[in-house]
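So the structure is just underneath, and the comments pick up after that.
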Protein chains: 2
Amino acid sequence: MKNNIRVERAIKQLTQEDLARMVSVSRQTINAMEANKYVPSTVLALKIARVFSKPVEEIFWLEETD
Amino acid sequence: MKNNIRVERAIKQLTQEDLARMVSVSRQTINAMEANKYVPSTVLALKIARVFSKPVEEIFWLEETD
DNA sequence: ACAATATGTAAAGTCTATTTTACATATTGT
DNA sequence: ACAATATGTAAAATAGACTTTACATATTGT
């Protein structure tokens with residue numbers, strides 16, 4: 001699975017720490033997600049999508065290998 | 001977080017085991033999700049939404065407590 | 001009623017999401 | 001250039017996602 005978080009964050013001019021606070025996780029969690037180091041929970045995906053006012057599918061998408 | 005999986009599954013006339021196979025998890029995983037016993041990964045949410053041809057947000061939604 | 005299928009649930013195990021702390025490097029503003 | 005802010009990353013710890021096995025109950029079709 002891949003994601004667009006870094007781009008969406010740039011559009012909204014949010015730092016990793018800003019976003020982390022908005023969705024109640026640590027900054028390292030945001031950093032690791034952007035680096036595709038792990039798959040977030042659905043709760044976190046819904047919260048992030050809500051911050052960016054976009055559907056989950058526009059921010060996270062499956063790859064062949066998923 | 002809550003979900004609609006049982007309803008969507010009924011609409012498509014799929015058993016828990018059918019759905020489990022389609023998204024490559026165990027039947028107990030589907031059963032536990034329907035019973036709100038845990039929050040699935042985003043990969044699993046995307047796969048389930050794809051099976052039902054609906055956006056993730058129409059199948060999973062945040063509660064106040066999330 | 002009987003047989004087959006579907007669902008509920010539980011326990012133990014594995015794997016991985018997420019946190020905390022800490023430090024190094026990169027970027028930005030003045 | 002300097003100071004402040006932002007990002008990368010790592011290690012150890014905790015919590016929770018997901019599996020496997022197993023059994024009990026409920027539902028459905030004949």
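No experiment lies behind these values; they were computed from the predicted model shown. A note on names: the letters A, B, ... follow the listed sequences, proteins ahead of strands, and every chain is numbered from 1.
In plain terms, the two heavy atoms of A/Val56 and B/Glu57 that are nearest each other are N-OE2, 3.0 Å. Of all non-hydrogen atoms in B/Met1 and B/Val39, the two that sit nearest each other are CE-CG1, 4.2 Å. Summarising the geometry of B/Trp61 relative to B/Asn3, their closest heavy-atom pair is CH2-C, 3.7 Å, with the distance given to 0.1 Å. Minimum heavy-atom separation, A/Lys54 to A/Glu8: NZ-OE2, 3.1 Å. Shortest non-hydrogen contact noted between A/Pro55 and A/Ala49 is C-CB, 4.2 Å. The shortest non-hydrogen separation linking A/Val51 to A/Leu14 is CG1-CD1, 4.1 Å.
Side-chain N or O atoms of B/Thr42 include none that pairs as donor or acceptor with a backbone N or O of A/Ala45 at under 3.5 Å. Between the side chain of A/Asp18 and the backbone N or O of A/Thr15 there is at least one donor-acceptor pair closer than 3.5 Å.
Counting non-hydrogen atoms under 4.0 angstrom, A/Thr29 reaches a base of the nucleic acid. Heavy atoms of B/Thr15 sit under 4.0 angstrom from primed sugar atoms or phosphate atoms, though from no base atom.
Distance A/Met1 CE to C/dT16 C1': 13 Å, rounded to the nearest Å. B/Lys47 places its NZ atom 10 Å from the P atom of D/dC18, with the value rounded to the nearest Å. Protein atom CG of A/Leu14 is 13 Å distant from nucleotide atom C1' of D/dA6, rounded to whole Å. Taking atom CD of B/Glu34 as the reference point, atom P of D/dA17 lies 16 Å away to the nearest angstrom. Between A/Asp66 atom CG and C/dT16 atom P there is a gap of 13 Å when expressed in whole angstrom units. Rounded to whole Å, atom C1' of D/dT5 lies 18 Å from atom CD1 of A/Ile30. Rounded to whole Å, atom C1' of D/dT7 lies 16 Å from atom CG of A/Asn36. Rounded to an integer number of Å, the gap from CG of B/Leu19 to C1' of C/dT5 is 17 Å.
Checking the phosphate oxygens (OP1, OP2) of C/dG8, a side-chain nitrogen or oxygen of B/Gln16 falls inside 4.0 Å. Listed pair A/Arg9 / D/dT7 meets the phosphate criterion, a side-chain N or O lying under 4.0 Å from OP1 or OP2. The side chain of B/Arg6 places an N or O atom within less than 4.0 Å of a non-bridging phosphate oxygen (OP1 or OP2) of C/dG8.
Counting heavy atoms of neighbouring residues, nucleotides and ligands inside a 6.0 Å radius, atom CD of B/Gln13 does not exceed 12 of them.
Under the 4.5 Å side-chain criterion, counting only non-hydrogen atoms from C-beta, A/Asn4 is not in contact with A/Phe60. Contact check for A/Met33 versus A/Lys37: no side-chain heavy atoms found under the 4.5 Å cut-off.
Within residues 38-45 of chain A, the residues that place at least one heavy atom under 4.0 Å from DNA chain C are, in residue-number order, A/Tyr38, A/Val39, A/Pro40, A/Ser41, A/Leu44.
Shown are A/Arg27, A/Arg9, A/Lys2; of these, the salt bridge (charged side-chain N to carboxylate O under 4.0 Å, His left out) with A/Glu34 is made only by A/Arg9.
When each of B/Ala32 and B/Asp18 is assigned the nucleotide of DNA chain C bearing its nearest heavy atom, the one mapping closer to the 5' terminus is B/Asp18.
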Per-nucleotide protein contact along nucleotides 21-30 of chain D, 5' to 3', at a 4.0 Å heavy-atom cut-off (B base, S sugar-phosphate only, - neither), is BB--------

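Among the nucleotides C/dT9, C/dT19, D/dT7, the one closest to any side-chain atom of B/Asn31 is C/dT9.
Rounded to 10°, the angle separating the first-five-pair axis and the last-five-pair axis of the helix from C/dA1-D/dT30 to C/dT30-D/dA1 equals 70°.
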